K.L.:
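Sending over a structure as structure tokens; questions will come in a sec.
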Amino acid sequence: MPKTDSSSNSKFIFVTGGVMSGLGKGVTAASVGRLLSNAGFTITAVKIDPYLNVDAGTMNPYQHGEVYVLKDGAEVDLDLGNYERFLGIDMTSDHNITTGKIYQHVIERERTGDYLGKTVQIIPHITDDIKRRIRNVAKGHDICIVEVGGTVGDIESMPFLESLRQLSHEEPENCVLFIHVTLIPHSKNEEPKTKPTQHSVKELRSIGIQPNLIVGRSTIPLDDDVREKIALFCDVPTEAVFSNPDLDDIYHLPMSLEEESLDEYVMEQLNLLDRAVPLPNRDTTWRESVTAPKPNKVNIALVGKYGLEDAYISVYEALKHAGFPDGIEVNTFWVHSETLDDGDLSPLSSIKPDGIVIPGGFGSRGTPGKINAIRYARETGIPYLGLCLGFQLAVVEYARNILNLKDAHSSEIHPETSHPVIDLLPNQHDIDELGGTMRLGELETHIDKNSLAHSLYGDNHCLERHRHRYEVNPDYIDSLEEAGLKFTGKSGPRMEILEIPGHPYFFGTQFHPEFTSRPTHPSPPFLGLVKAALSHSTPNNKNPKT
Ligand code: GLN
């Protein structure tokens with residue numbers, strides 16, 4: 001059947017998942033994007049989340065991991081963070097499509113009479129809206145990678161897969177490539193098993209999608225026999241079967257796929273080889289950043305209430321990035337804030353931290369422990385970085401222990417406090433409903449000269465992403481500053497950065513610098529922390545691995 005002409009000149013890579021979720025499909029897709037970007041192509045990405053939530057803003061980090069915040073303030077799935085980190089791009093709300101978003105839009109249009117007289121249906125109305133959104137994001141980019149969350153066979157993802165099938169049918173030849181990322185488990189006697197993959201590809205083919213390329217997730221690389229078996233049963237060439245084995249570091253995945261020439265295969269299929277930068281001239285910044293030797297190491301304590309690493313994934317990653325330029329291996333240990341609530345700090349001190357981070361958070365659980373940890377960092381000179389709630393609680397700790405305002409608190413956590421040092425600003429008090437009052441996304445902070453903030457950012461302003469509702473109470477700023485806590489970054493009446501001159505490194509930000517940290521461009525507050533942590537660590541604390 002002849003293909004209709006494409007409305008855009010972009011190529012599309014659709015990534016589906018087989019057998020089970022949590023295989024690292026997003027990291028695989030992002031790694032493919034990294035390689036194509038190294039070859040000179042402009043890349044963008046769309047993450048499809050087939051759940052009914054319109055966005056991830058209200059989702060529980062226990063279940064879903066961190067809520068990632070984009071430049072435009074969109075609250076999205078943490079996978080978008082992987083795309084931003086791997087591709088070095090800024091995404092917007094349009095790059096995250098959820099079932100909720102699509103249905104909300106289509107139903108709103110139905111209510112306002114846009115489909116007058118018609119029966120509104122999944123095909124074509126929902127599928128058309130999905131295709132329209134994907135094409136809009138792709139516009140102006142050489143390649144658009146679209147990852148479908150979940151696993152093939154889920155009821156929820158059906159309309160999305162059908163849309164991708166239609167899109168592939170509508171686009172010209174060599175413009176669409178399907179990559180299926182699947183699990184290759186090993187039996188008890190270490191034999192790799194391809195049957196689950198065969199079944200998931202069968203499922204995919206039953207809805208009209210033939211994968212062009214299969215990436216097998218397994219503990220060890222796939223051998224030739226396994227590749228041949230997958231190729232035979234899934235109807236792809238043997239050269240189209242790639243390995244995604246366990247690696248020490250997810251940032252090494254692009255290089256591992258490159259060794260198998262996955263990028264060349266993809267470019268060949270998409271007819272892009274003649275436009276690619278020749279191999280010897282490809283961009284190697286990524287490889288150099290993430291594989292540089294790390295002769296030094298530091299221990300960082302992350303004091304938070306969620307044990308799940310995914311709940312603070314951007315903070316873990318930003319700490320790791322900050323070690324790259326100076327060859328520092330950053331070992332981050334989670335310390336449950338509630339274990340410090342009663343003032344016994346041994347769970348923290350026993351890991352001998354060279355630096356302490358308190359990340360963002362909501363609600364009261366574990367806040368006494370966080371305040372105790374901040375006091376410990378301030379009094380013992382351990383480098384400290386407080387992010388959002390970690391910034392606010394540093395103000396609370398200072399007010400309590402230096403200004404002697406014993407019940408000082410954030411009114412979010414203790415509404416009856418007589419000293420709400422963190423509070424809603426006067427004009428926020430009238431708005432009592434929670435939704436819509438959050439300060440979100442990229443906003444500018446003005447930075448004082450002669451401050452630590454200025455030396456870190458090397459500028460008199462910075463643009464960072466926010467996600468908070470409460471602020472430093474203007475009534476307490478003068479007394480806090482007179483007592484030695486300096487607010488060196490501001491945005492109008494709002495305090496954005498705090499520091500304590502004289503302390504080796506005591507830095508807090510009302511914003512979330514972790515969201516803009518990239519392996520090739522670490523975040524300034526994290527770089528500062530990790531450098532200070534290295535100075536704090538004992539000189540003989542060298543990395544035994546190097
Ligand atoms: N709960 C605090 C607020 O709403 C801090 C938010 C955060 O840490 N992201 O202001």
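Remember, it's a predicted structure, so these values are computed and weren't measured experimentally.
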K.L.:
Do R467 and M438 have side-chain heavy atoms sitting under 4.5 Å apart?
P.N.:
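Side-chain contact under 4.5 Å: yes.
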K.L.:
Does the side chain of V27 reach to within under 4.5 Å of the side chain of L253, using non-hydrogen atoms?
P.N.:
yes
K.L.:
Checking side-chain polar atoms at under 3.5 Å, does E464 have a donor or acceptor matched by the opposite partner on T516?
P.N.:
yes
K.L.:
Salt bridge or not between K490 and D448? Use side-chain N to carboxylate O under 4.0 Å.
P.N.:
yes
K.L.:
How about V32 and V215: do any of their side-chain heavy atoms sit closer than 4.5 Å?
P.N.:
no
K.L.:
Counting N and O atoms only, with roles assigned by atom type, does the side chain of D283 sit under 3.5 Å from a partner on the main chain of T285, one being a donor and the other an acceptor?
P.N.:
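Side chain of D283 to backbone of T285, a donor-acceptor pair under 3.5 Å: yes, one is there.
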K.L.:
Which of parallel (below 30°), tilted (30 to 60°) and perpendicular (above 60°) describes F506 and H503?
P.N.:
perpendicular
K.L.:
Closest approach of V335 and T339, non-hydrogen atoms and distance?
P.N.:
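V335 and T339 have their closest heavy atoms at CG1-OG1, 4.2 Å.
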K.L.:
Drop me the distance from E66's CD to E514's CD, to the nearest 0.5 angstrom.
P.N.:
6.5 Å
K.L.:
Which atom pair, heavy atoms only, marks the closest approach of A301 to L348?
P.N.:
CB-CD1, 3.5 Å
K.L.:
With a 6.0 Å cut-off (strictly less than), is the heavy-atom count around NE2 of H521, excluding the residue itself, greater than 12?
P.N.:
no
K.L.:
What is the minimum heavy-atom distance between I300 and V357, and which atoms define it?
P.N.:
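So the minimum-distance heavy-atom pair works out to CG2-CG2, 3.7 Å.
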K.L.:
With distance as the sole test, does K305 use its side chain to make a donor-acceptor pair with the main-chain N or O of T367 at under 3.5 Å?
P.N.:
no
K.L.:
So, applying side chain to side chain contact (heavy atoms under 4.5 Å, CB included) with L302, which one of P353, S337, P359 is it?
P.N.:
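Running side chain to side chain contact (heavy atoms under 4.5 Å, CB included) over P353, S337, P359 with L302 returns exactly one hit, P359.
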K.L.:
Could you check if a side-chain atom of P211 sits within less than 4.5 angstrom of a side-chain atom of C234, using non-hydrogen atoms only?
P.N.:
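No, side chains not in contact.
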K.L.:
Quick one: does I230's side chain get under 4.5 Å of I184's, heavy atoms only?
P.N.:
yes
K.L.:
Look only at the side chain of H446 and the backbone of E444, and say whether a donor-acceptor pair between them is shorter than 3.5 Å.
P.N.:
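No, the answer is negative, given that no donor and acceptor are paired below the 3.5 Å cut-off.
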K.L.:
Going through the checks in order, is the side chain to side chain contact (heavy atoms under 4.5 Å, CB included) test met by L529 and F507?
P.N.:
CA-CA 8 Å; L529 175 82; F507 201 75; over 6 Å; no
K.L.:
Can you name the closest pair of heavy atoms from A138 and S10 and give their distance?
P.N.:
O-OG, 2.9 Å
K.L.:
Answer yes if the ring centres of Y306 and W334 are under 6.0 angstrom apart, and no otherwise.
P.N.:
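No - the distance between ring centres of Y306 and W334 does not fall below the 6.0 Å cut-off.
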K.L.:
Pick from V241, T182, V226: which one makes a side chain to side chain contact (heavy atoms under 4.5 Å, CB included) with T197?
P.N.:
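Testing each of V241, T182, V226 against T197, the sole residue satisfying side chain to side chain contact (heavy atoms under 4.5 Å, CB included) is T182.
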K.L.:
Counting only heavy atoms not in D223, do more than 12 sit closer than 6.0 Å to its CG atom?
P.N.:
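Enclosed.
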K.L.:
Tell me, with the steps shown, if R34 and S37 meet side-chain hydrogen bond (donor to acceptor under 3.5 Å, both in side chains).
P.N.:
CA-CA 5 Å; R34 177 71 261 156; S37 170; 3.1 Å; yes
K.L.:
Any heavy-atom pair between the side chains of T509 and L387 that's under 4.5 Å?
P.N.:
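Heavy-atom side-chain distance check passes, below 4.5 Å.
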K.L.:
How long is the straight-line distance from CD of E442 back to CG of L463, given to the nearest 0.5 Å?
P.N.:
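Those atoms lie 4.5 Å apart.
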K.L.:
If the threshold is 4.0 Å, N to carboxylate O, is there a salt bridge linking R518 and E84?
P.N.:
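Between E84 and R518 there is a salt bridge, with a charged N closer than 4.0 Å to a carboxylate O.
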K.L.:
Taking atom types as modelled, is there a side-chain donor on Y251 or E317 under 3.5 Å from an acceptor on the other?
P.N.:
yes
K.L.:
Give a yes or no answer on whether the side chain of H252 reaches the backbone of V290 with a donor-acceptor pair at less than 3.5 Å.
P.N.:
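Judged by distance alone, yes, a pair lies under 3.5 Å.
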K.L.:
In terms of the angle between their ring planes, are Y457 and F511 parallel, tilted or perpendicular, with boundaries placed at 30° and 60°?
P.N.:
perpendicular
K.L.:
Donor-acceptor check, side chain of R227 to backbone of L222, threshold 3.5 angstrom: yes or no?
P.N.:
yes
K.L.:
Spell out, as yes or no, whether a donor-acceptor pair under 3.5 Å connects the side chain of H466 to the backbone of G441.
P.N.:
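The answer is yes, because a donor-acceptor pair under 3.5 Å joins these two groups.
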K.L.:
Determine, stepwise, if the pair K71 / T92 fulfils side chain to side chain contact (heavy atoms under 4.5 Å, CB included).
P.N.:
CA-CA 7 Å; K71 190 174 170 163; T92 63; 5.9 Å; no
K.L.:
Is it true that, when you exclude D248 itself, more than 12 heavy atoms of the residues, nucleotides or ligands shown sit nearer than 6.0 Å to its CG?
P.N.:
no
K.L.:
Once rounded to the nearest 0.5 Å, what's the spacing between atom CG of D263 and atom CG of L257?
P.N.:
8.5 Å
K.L.:
Run the side chain to side chain contact (heavy atoms under 4.5 Å, CB included) test on F487 and V395 for me, step by step, so that the C-alpha distance in whole Å, both residues' side-chain angles and the decisive distance to 0.1 Å come before the verdict.
P.N.:
CA-CA 10 Å; F487 294 104; V395 174; 4.1 Å; yes
K.L.:
Once rounded to the nearest 0.5 Å, what's the spacing between atom CG of D77 and atom CG of N82?
P.N.:
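Answer for the CG-CG pair, D77 versus N82, is 9.5 Å.
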K.L.:
Can you tell me how far the CG atom of D90 sits from the NE2 atom of H95, to the nearest 0.5 Å?
P.N.:
9.5 Å
K.L.:
For the CZ atom on R439, are there more than 12 heavy atoms of other groups (residues, nucleotides or ligands in this structure) within a distance under 6.0 Å?
P.N.:
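Yes, the 6.0 Å shell around CZ holds more than 12 heavy atoms from other groups.
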K.L.:
To the closest 0.5 Å, what do you measure between CG (L452) and CD (E499)?
P.N.:
4.5 Å
K.L.:
Strictly distance-based, threshold 3.5 Å: is any side-chain N or O of N331 a donor or acceptor partner for the main-chain N or O of N299?
P.N.:
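Absent.
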K.L.:
Does any part of the side chain of F12, heavy atoms only, come nearer than 4.5 Å to the side chain of L164, both counted from C-beta?
P.N.:
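No. Closest side-chain heavy atoms not under 4.5 Å.
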K.L.:
H336 side chain to P347 main-chain N or O, any donor-acceptor pair under 3.5 Å?
P.N.:
no
K.L.:
Between I250 and K320, which heavy-atom pair has the shortest distance, and what is it?
P.N.:
CG1-NZ, 4.5 Å
K.L.:
Can you find a side-chain donor-acceptor pair between S314 and R85 that sits under 3.5 Å?
P.N.:
yes
K.L.:
What are the two closest non-hydrogen atoms of L262 and F242, and how far apart are they?
P.N.:
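Closest pair (atom of L262, atom of F242, distance): CA-CE2, 3.4 Å.
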K.L.:
Given the rule in the side chain to side chain contact (heavy atoms under 4.5 Å, CB included) test, do L78 and D310 qualify, once you have shown the distances and angles that lead to the verdict?
P.N.:
CA-CA 8 Å; L78 57 87; D310 270 359; 4.0 Å; yes
K.L.:
State whether D246 and R217 are salt-bridged, where the test is any N-O pair (Lys NZ or Arg NE/NH1/NH2 against Asp/Glu carboxylate O) under 4.0 Å.
P.N.:
yes
K.L.:
Within the 3.5 Å criterion, strictly below it, is a donor on H141 or T42 matched to an acceptor on the partner's side chain?
P.N.:
no
K.L.:
Donor-acceptor check, side chain of K370 to backbone of G390, threshold 3.5 angstrom: yes or no?
P.N.:
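Between the backbone of G390 and the side chain of K370 there is no qualifying donor-acceptor contact (under 3.5 Å).
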K.L.:
So, H536 side chain and I382 main chain: donor-acceptor pair closer than 3.5 Å or not?
P.N.:
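Not at all, since once roles are kept as given, no pair shorter than 3.5 Å links the two residues.
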K.L.:
Find out whether Q392 and L389 are in side-chain contact, i.e. whether some heavy atom of one side chain is under 4.5 Å from a heavy atom of the other.
P.N.:
yes
